[in-house]
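For reference, the structure I am asking about is given below.
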Amino acid sequence: MRKLLSIIFATSSVLAWAGDVTVSSPDNRLQVKVSDAGGRLYYTATLDGQEVLQPSALGLKTSLGDLTKGLSIIDSKTGVIDEHYTMRGTKASSADYKANALTLDLKNQDGRVFSILFQVSDRDIAFRYEIPRQKIGHSEVKRARILSELSSFNFPEGTTTFISPQIGPESGWEQTKPSYEEGYSADAPMDKASQYGHGYIFPALFHLTLGTDPSVSSEANYRGSVPGVRSEAWILLSETGVGSNYCGSHLSDYQAGMGYTVAYPDKGENNGFGADFAGIPLPGETPWRTITVGNSLKPIAETTISYDLVKPLYEPSTDYQPGRYTWSWLLWQDNSVNYEDQVKFIDLASTMGFEYCLVDNWWDTQIGRDRMHELSKYAQSKGVHLLLWYNSNGFWNDAPQTPRNCMNTAIAREREMKWLQSIGVKGIKVDFFGGDKQETMRLYEDILSDANRYGLQVVFHGCTIPRGWERMYPNYVASEAVLASENLFFGEGATFSEPFDLTLHPFCRNATASMDWGGIIMNKWMSRDNKSRHTRKTTDIFEMASGLIMQTSVQCVAMQPNNLEELPQFEMDFLRQLPTTWEETRFIDGYPGKYVVLARKATNGRWYIAGLNAKKEPLTLTLDLSAYGPLSQLYIDNKKGEPTLSALKTDKKGFAKVTIQPNGGLIIQ
């Protein structure tokens, strides 16, 4: 991993002042202003001179004292950050992070000191709090409890939201929530109360209309179809750099005049075990709060801020391999976790040239450990490696699925992971976590760190969002943390919402981190026989294109053995060569929950253009393809929703006119 990091600080020291301090992005379009007027600390943000964040509060309440009032700025430092780094398994294989930095040293009325560090790049604002050791009385304070955070995000009136509610602890099936699996709003007003009274999860997307005619629809304004009214911004909020060092956070409900504030976990999470605050040694810092800003969705879809601000915490023990996996459980469910059915899915993976097969819950009882060793040998003889499912328990949920009590303690993990390595298993999927407390975050990190010693990649389900983990932990692959594909099997309602979900997440959940949606589904019916239960509502090309739109380095292609005889040859050929790792991602067009078109450059150097349409009517677009090298093939649905493959036609300037059918897809390669 090659790194170049340059930070130059200049200091301007004064005893105290009441006034404004500013820091701008390298291109000077994005500016943050901080004020300590009246003993309270606030920041605002502007893009091209237009206010995108109104006065928003800063500060912490800690065991050292109240760091939210009686504050004054006592020192400031500015700096320049220029870093190049490489990474695996994300939307880009490398990034150049250039930002201007501002560090403000502050003191409260009781003499307690702390700092706030802002970093502003051309598309992102990030800030965190830093607390040094300090004397209180005759003692040096070497640790702190961070009890709550005042940090807020106060958007202009008229902003609409694309956000998902946080749910309360020990709710849902077998008390397995919160697990970031609730639905999202679409252009909803800010003052709408959260569904469960616990605020909203990260990441959260906001659409700001700045000086426009409120009678014009959001999409019409975005598309620029009404001359003279387009003036807008998009903001994506999240956090990064959370491991065992802190608790995970979310957003409060909206408060007029205040906006959304950072909220810490509920006391009842993790079955009530562990603190609902964070504990840090001193000197210490909080995680980064991130604010991605743009006057289009391009900065949102392309941001790498989750990775820009963190560093790897350990070296990989082996060369972890990306790839595709088959998965019987999605449609064949628990009864399929037997030796004979798993052989069928190993054979399917081998026939398709996929690298992995995931064996889901109950394998320890329905296959057994001795036969699992035999199954792993069989898979390897076919050029396939196994991934095995585990319950995270512990005691923090009532989910009965086994194996249990294998991942919750260091001794159990050591024994289990040594065995997994000995039989040739290459990864684990760990499910059913207990919330966002620091105690739970420590478990995630411990699983990842221990798995690395044994060459195991890790996927999490029933879990929190990842926060910079692809770069922090080199064997981390992806998390579910979304209302994912399994729900298409459980109920027909999810099959209707799938197009909305998969055209939203490139701008929200999947914009900040890898997402294990869990299946490019090629069956027409949500059943083993492909003839019963309810139907899939998307086209084949939609599903195939979703494999390019959804980003994770180990991608589930949820084919079934019957698909080998049912799918057209050109669909099979495409799925056989589906890439999962990328050099670069570019936004082309889209609107959250309606449609999306992305360009991705695979690590083999080849460009792919993928599009999804969630609308009820056909969508005609003229795409500029001139920047993406030689492209020759067009996969698209005809008017009947049937898949077609044809030669791509462009004009002399490299433009192509295409029509994506309702719930349909587009692939150009």
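Everything numeric in this text was worked out from a predicted model, so none of it was measured.
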Review point. Can you check whether Arg128 reaches Gln119 side chain to side chain, under 4.5 Å on heavy atoms?
Key: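 Counting from C-beta outward, Arg128 and Gln119 never come under 4.5 Å.
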
Point to revise | Distance-minimising heavy-atom pair for Phe345 and Met559 | key: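 Nearest heavy atoms, Phe345 then Met559: CE2-O, 3.6 Å.
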
Exercise for review: For Gln555 and Thr580, test the side chains for any donor-to-acceptor distance below 3.5 angstrom and give the result as yes or no.
Suggested key: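 Note: Gln555 and Thr580 side chains miss the donor-acceptor criterion.
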
Exercise for review: Examine the side chains of Tyr314 and Asn475 and answer whether a donor and an acceptor come within less than 3.5 Å of each other.
Suggested key: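 Result is yes, a qualifying pair exists.
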
Review point. Is any side-chain heavy atom of Thr495 less than 4.5 Å from a side-chain heavy atom of Arg536?
Key: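 Counting from C-beta outward, Thr495 and Arg536 never come under 4.5 Å.
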
Review point. Which atoms form the tightest heavy-atom contact between Val425 and Leu456, and what is the distance?
Key: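 Looks like O-CD2, 3.3 Å.
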
Point to revise | Among Trp517, Trp327, Phe354, side chain to side chain contact (heavy atoms under 4.5 Å, CB included) partner for Cys556 | key: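 Only one of Trp517, Trp327, Phe354 forms a side chain to side chain contact (heavy atoms under 4.5 Å, CB included) with Cys556, namely Trp327.
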
Review point. Within the side chain of Gln551, is there an N or O that forms a donor-acceptor pair under 3.5 Å with the backbone of Gly89?
Key: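 Here the side-chain-to-backbone pair exists.
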
Review point. Taking Ser350 for the side chain and Ile346 for the main chain, is one N or O donor matched with an acceptor at less than 3.5 Å?
Key: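 It does not hold such a pair.
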
Review point. In Å and rounded to the nearest 0.5 Å, what is the CG to NZ distance from Asn613 to Lys594?
Key: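 The NZ atom of Lys594 is 10.5 Å from CG of Asn613, to the nearest 0.5 Å.
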
Review point. Closest approach of Asp516 and Val554, non-hydrogen atoms and distance?
Key: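 Scanning both residues, the minimum pair turns out to be OD1-O, 4.3 Å.
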
Review point. With a 4.5 Å limit on heavy-atom distance, are the side chains of Leu387 and Val459 in contact?
Key: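 They are not in side-chain contact.
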
Practice item. May I ask you to decide whether Asp360 forms a salt bridge with Lys429, counting only side-chain N to carboxylate O separations under 4.0 Å? Key: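 Yes, charged N to carboxylate O under 4.0 Å.
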
Review point. Can you check side chain to side chain contact (heavy atoms under 4.5 Å, CB included) on Leu548 and Gln669, steps first, answer last?
Key: CA-CA 11 Å; Leu548 301 171; Gln669 65 176 19; over 6 Å; no

Review point. Strictly by modelled atom types, are Asp187 and Tyr591 linked by a side-chain donor-acceptor pair under 3.5 Å?
Key: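 Yes, side-chain donor-acceptor contact under 3.5 Å.
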
Check your understanding: Between Leu575 and Met544, does a side chain to side chain contact (heavy atoms under 4.5 Å, CB included) hold up when you go through it step by step?
Key -> CA-CA 7 Å; Leu575 293 170; Met544 292 159 58; 4.2 Å; yes

Practice item. Output the distance between atom CD1 (Ile636) and atom CG (Leu666), rounded to the nearest 0.5 Å. Key: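 Going from the CD1 atom of Ile636 to the CG atom of Leu666 covers 5.0 Å.
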
Exercise for review: Look only at the side chain of Asn452 and the backbone of Ser449, and say whether a donor-acceptor pair between them is shorter than 3.5 Å.
Suggested key: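 The answer is no, because no donor-acceptor pair under 3.5 Å joins these two groups.
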
Review point. Does a side chain donor of either Ser121 or Asp308 reach within less than 3.5 Å of an acceptor in the other side chain?
Key: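 Result is no, nothing qualifies.
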
Review point. Below 4.5 Å, heavy atoms only, C-beta onward: do Ile465 and Thr512 meet side chain to side chain?
Key: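 The answer is no; the side chains never approach within 4.5 Å.
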
Exercise for review: Please report the closest heavy-atom contact between Pro466 and Ala513, naming both atoms and the distance.
Suggested key: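 That closest heavy-atom pairing would be CG-CB, 3.2 Å.
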
Practice item. For Asp122, check salt bridge (charged side-chain N to carboxylate O under 4.0 Å, His left out) against everything at least two apart and list the hits. Key: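 Salt bridge (charged side-chain N to carboxylate O under 4.0 Å, His left out) check on Asp122 returns nothing, list empty.
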
**Study point:** Side chain proximity check, Glu182 to Leu483, heavy atoms < 4.5 angstrom
**Key:**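 When only atoms from C-beta onward are counted, Leu483 and Glu182 do not touch, as no gap falls below 4.5 Å.
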
Check your understanding: Can you tell me if Gln50 and Ser231 form a side-chain donor-acceptor pair at under 3.5 Å?
Key ->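 Checked: Gln50/Ser231 side chains pair up, N/O donor to acceptor below 3.5 Å.
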
Check your understanding: What residues, two or more places apart in sequence or in another chain, satisfy salt bridge (charged side-chain N to carboxylate O under 4.0 Å, His left out) together with Arg453?
Key ->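 Arg453 satisfies salt bridge (charged side-chain N to carboxylate O under 4.0 Å, His left out) with Glu414, Asp450 once adjacent residues are dropped.
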
Review point. Once you round to the nearest 0.5 Å, how far does CD1 of Ile291 lie from OG1 of Thr303?
Key: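 Here the interatomic distance stands at 12.0 Å.
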
Review point. Is the number of heavy atoms from other residues, nucleotides or ligands within 6.0 Å of CD (Glu617) greater than 12?
Key: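 More than 12 within 6.0 Å, yes.
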
Practice item. Mark yes or no for whether Ser25, through its side chain, and Leu30, through its backbone, hold a donor-acceptor pair below 3.5 Å. Key: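 Answer holds: yes.
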
Review point. Passes side chain to side chain contact (heavy atoms under 4.5 Å, CB included), Leu331 versus Phe489? Steps please.
Key: CA-CA 7 Å; Leu331 297 184; Phe489 175 87; 3.9 Å; yes

Practice item. Look up atom CG in Asn28 and atom CG in Asp48, then write down how far apart they are to the nearest 0.5 Å. Key: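 One gets 10.5 Å once the value is rounded to the nearest 0.5 Å.
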
Point to revise | Atom of Ala627, atom of Arg586 and distance for their closest heavy-atom approach | key: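 The pair with the smallest heavy-atom distance is CB-NH1, 3.7 Å.
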
Check your understanding: Under the 3.5 angstrom rule, does the side chain of Arg509 hit a backbone N or O of Glu480 as a donor-acceptor pair?
Key ->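 Yes; at least one donor-acceptor contact below 3.5 Å.
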
Review point. Among Tyr184, Phe507, Trp234, which one satisfies ring pair (Phe, Tyr, Trp, His ring centres under 6.0 Å) with Phe162?
Key: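 The single option meeting the ring pair (Phe, Tyr, Trp, His ring centres under 6.0 Å) with Phe162 is Trp234.
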
Check your understanding: With a 4.5 Å limit on heavy-atom distance, are the side chains of Phe542 and Leu502 in contact?
Key ->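 SC-SC contact between Phe542 and Leu502 confirmed.
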
Review point. Does some side-chain heavy atom of Met352 sit less than 4.5 Å from a side-chain heavy atom of Val557?
Key: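 In short, these two side chains do not touch, never coming nearer than 4.5 Å.
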
Check your understanding: Taking the six-membered ring of Tyr320 as reference, does the NZ or CZ atom of Arg88 fall below 6.0 Å from its centre and within a 45° cone about the axis?
Key ->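 The answer is no, since Arg88 fails at least one limit relative to Tyr320.
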
Check your understanding: Does atom NZ of Lys524 have more than 12 heavy-atom neighbours from other groups under 6.0 Å away?
Key ->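 Result for NZ/Lys524: enclosed.
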
Review point. Taking Glu239 for the side chain and Ser249 for the main chain, is one N or O donor matched with an acceptor at less than 3.5 Å?
Key: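 Yes: the side chain of Glu239 pairs with the backbone of Ser249.
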
**Study point:** side chain to side chain contact (heavy atoms under 4.5 Å, CB included) between Arg467 and Val310, worked out
**Key:** CA-CA 9 Å; Arg467 297 161 165 92; Val310 300; over 6 Å; no

Check your understanding: How many angstroms lie between CH2 in Trp607 and CZ in Arg600, if you round to the nearest 0.5 Å?
Key ->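 Answer for the CH2-CZ pair, Trp607 versus Arg600, is 10.5 Å.
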
Review point. In Å and rounded to the nearest 0.5 Å, what is the CD1 to CD distance from Ile609 to Gln633?
Key: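 That separation rounds to 13.5 Å.
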
Review point. Would Glu355 and Arg324 pass as an ion pair if we require N to O under 4.0 Å?
Key: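 Yes, charged N to carboxylate O under 4.0 Å.
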
Review point. Do the side chain of Ser164 and the main chain of Gly183 share a donor and acceptor less than 3.5 angstrom apart?
Key: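 Such a contact is found between Ser164 side chain and Gly183 backbone.
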
Check your understanding: When you measure from the centre of the six-membered ring of Phe587, is the NZ or CZ of Lys298 under 6.0 Å away and within 45° of the axis?
Key ->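 Negative - Lys298 is either too far from the ring of Phe587 or too far off its axis.
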
**Study point:** Pairwise side-chain contact, Tyr97 with Tyr307, heavy-atom cut-off 4.5 Å (strictly under)
**Key:**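 Heavy-atom side-chain distance check fails, nothing below 4.5 Å.
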
Check your understanding: Okay, side chain of Ser546, backbone of Glu543: is any donor-acceptor separation there less than 3.5 Å?
Key ->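 Between the backbone of Glu543 and the side chain of Ser546 there is a qualifying donor-acceptor contact (under 3.5 Å).
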
Check your understanding: Relative to the ring of Trp582, is the ring of Tyr608 parallel (under 30°), tilted (30 to 60°) or perpendicular (over 60°)?
Key ->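 Judged by the thresholds at 30° and 60°, the geometry between Tyr608 and Trp582 is perpendicular.
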
Practice item. Assess the side chains of Thr292 and Arg123: does a donor N or O sit below 3.5 Å from an acceptor N or O? Key: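 No, no side-chain donor-acceptor pair sits under 3.5 Å.
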
Point to revise | Ion pair check, Lys311 and Glu83, cut-off under 4.0 Å | key: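 Salt bridge between Lys311 and Glu83, a charged N being under 4.0 Å from a carboxylate O: yes.
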
Check your understanding: Testing Thr160, Leu53, Leu237, Leu236 for side chain to side chain contact (heavy atoms under 4.5 Å, CB included) with Phe206, which one passes?
Key ->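 Of the listed residues Thr160, Leu53, Leu237, Leu236, the side chain to side chain contact (heavy atoms under 4.5 Å, CB included) partner of Phe206 is Leu237.
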
Review point. Applying the ring pair (Phe, Tyr, Trp, His ring centres under 6.0 Å) test to Phe460, which of Trp389, Tyr473, Tyr180, Tyr444 qualifies?
Key: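 Among the candidates, only Tyr444 passes.
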
Review point. At their closest point, which heavy atom of Asn100 faces which heavy atom of Ser24, and how far apart are they?
Key: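 Scanning both residues completely, I find the closest heavy atoms to be ND2-O, 2.8 Å.
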
Exercise for review: Please report the C-alpha distance between Glu583 and Lys601 in whole Å, then the side-chain angles of each, then the deciding distance to 0.1 Å, and finally whether the salt bridge (charged side-chain N to carboxylate O under 4.0 Å, His left out) criterion is met.
Suggested key: CA-CA 5 Å; Glu583 287 186 16; Lys601 186 179 183 182; 3.6 Å; yes

Check your understanding: Is the Phe118 ring parallel, tilted or perpendicular to the Phe127 ring (thresholds 30°, 60°)?
Key ->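 Tilted.
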
